[in-house]
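All values below come from the heavy atoms of this structure, side chains included, with hydrogens, waters and symmetry mates left out. Predicted, not measured: the structure shown is a model, and the values here were computed from it.
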Amino acid sequence: MAPGTDEVVAEAPGPPSGEPAGRRRRHPWRAFRRWRHRRPFGAGLALALGGAEILLTQRASISVVLAAGADSLAGYVLPIVMTVCGLLIVFNPRQRLFYSVIGVLASLASWVTSNLGGFFVGMLLGLVGSSLAFGWLPDRPRRRRWLRRSRARTAAEQAG
């Protein structure tokens, strides 16, 4: 009984390890998953990986590029822009439309300037990532899984 009252106060059960209720261990993977689902993570990752792949397929050293001029410098600048846009899409999703348009333009321009867009792989990753970021909607309601609904229906039909 609580002091001064006639009602019984039930204590909340604590964690099984004997720790107080306020000191439960938080799982970092769950926090990361929650953070990741609130932004276009896959889109930004695809765009950044496309830029990194194009950058890694470049064969000329930077001294050769600087001697050749600004035309060959674009082969290094565009994949860097793609990678930065991919990271910005993940970390600043409110500006995803602007970054995705820049990512599409950089991906298409890499076809001419960077070994056919990193032998098409980097260019396609950049295009897919930019398109996914452009189409991502942040305020959509969560969908229930179809399987759960069908199970609930069958259980209700069998009970009634």
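Within 6.0 Å of the CZ atom in Arg36, the count of heavy atoms belonging to other residues, nucleotides or ligands exceeds 12.
Between Ala133 and Ala43 the shortest heavy-atom distance is N-CB, 3.4 Å. In plain terms, the two heavy atoms of Gly44 and Val90 that are nearest each other are CA-CG2, 3.7 Å. Shortest non-hydrogen contact noted between Gln58 and Gly75 is NE2-O, 3.5 Å. Between Ala46 and Gly129 the shortest heavy-atom distance is CB-CA, 3.8 Å.
Contact check for Ile102 versus Val81: side-chain heavy atoms found under the 4.5 Å cut-off. Counting heavy atoms from C-beta outward, Phe32 and Phe41 have side chains that approach closer than 4.5 Å. In this structure, Ser114 and Tyr76 have side chains that are not in contact, with every pair of non-hydrogen atoms separated by 4.5 Å or more. Between Leu127 and Leu108 the shortest side-chain heavy-atom distance falls below 4.5 Å. When side chains are defined from C-beta on, Ile89 counts as touching Leu47, because their heavy atoms get closer than 4.5 Å. Residues Ser130 and Met82 form no side-chain contact, since every pair of their non-hydrogen atoms from C-beta on lies 4.5 Å or further apart.
A distance of 6.0 Å or more separates the ring centres of Tyr99 and Phe134.
A donor-acceptor pair under 3.5 Å is formed between the side chain of Arg39 and the backbone N or O of Trp35. The main-chain N or O of Thr57 is found under 3.5 Å from a side-chain atom of Asn115 such that the two form a donor-acceptor pair.
Scanning for side chain to side chain contact (heavy atoms under 4.5 Å, CB included) contacts around Arg30 gives His27, Arg34, with sequence neighbours left out. With sequence neighbours left out, the side chain to side chain contact (heavy atoms under 4.5 Å, CB included) criterion links Val121 to Glu53, Leu125.
Rounding to the nearest 0.5 angstrom, the gap separating the CG atom in Leu78 from the SG atom in Cys85 is 10.5 Å. The structure places OG of Ser100 at 12.0 Å from CH2 of Trp136, a figure rounded to the nearest 0.5 Å. Within the model, atoms CG of Leu45 and CG of Leu49 stand 4.5 Å from one another, a figure rounded to the nearest 0.5 Å. Within the model, atoms CE of Met123 and OG of Ser107 stand 8.0 Å from one another, a figure rounded to the nearest 0.5 Å.
A chain of hydrophobic side-chain contacts below 4.5 Å, direct or via other Ile, Leu, Val, Met, Phe, Trp or Tyr residues, connects Leu88 to Ile80. In terms of hydrophobic clustering, with Ile, Leu, Val, Met, Phe, Trp and Tyr side chains grouped at heavy-atom distances under 4.5 Å, Leu55 and Phe119 are assigned to different clusters.
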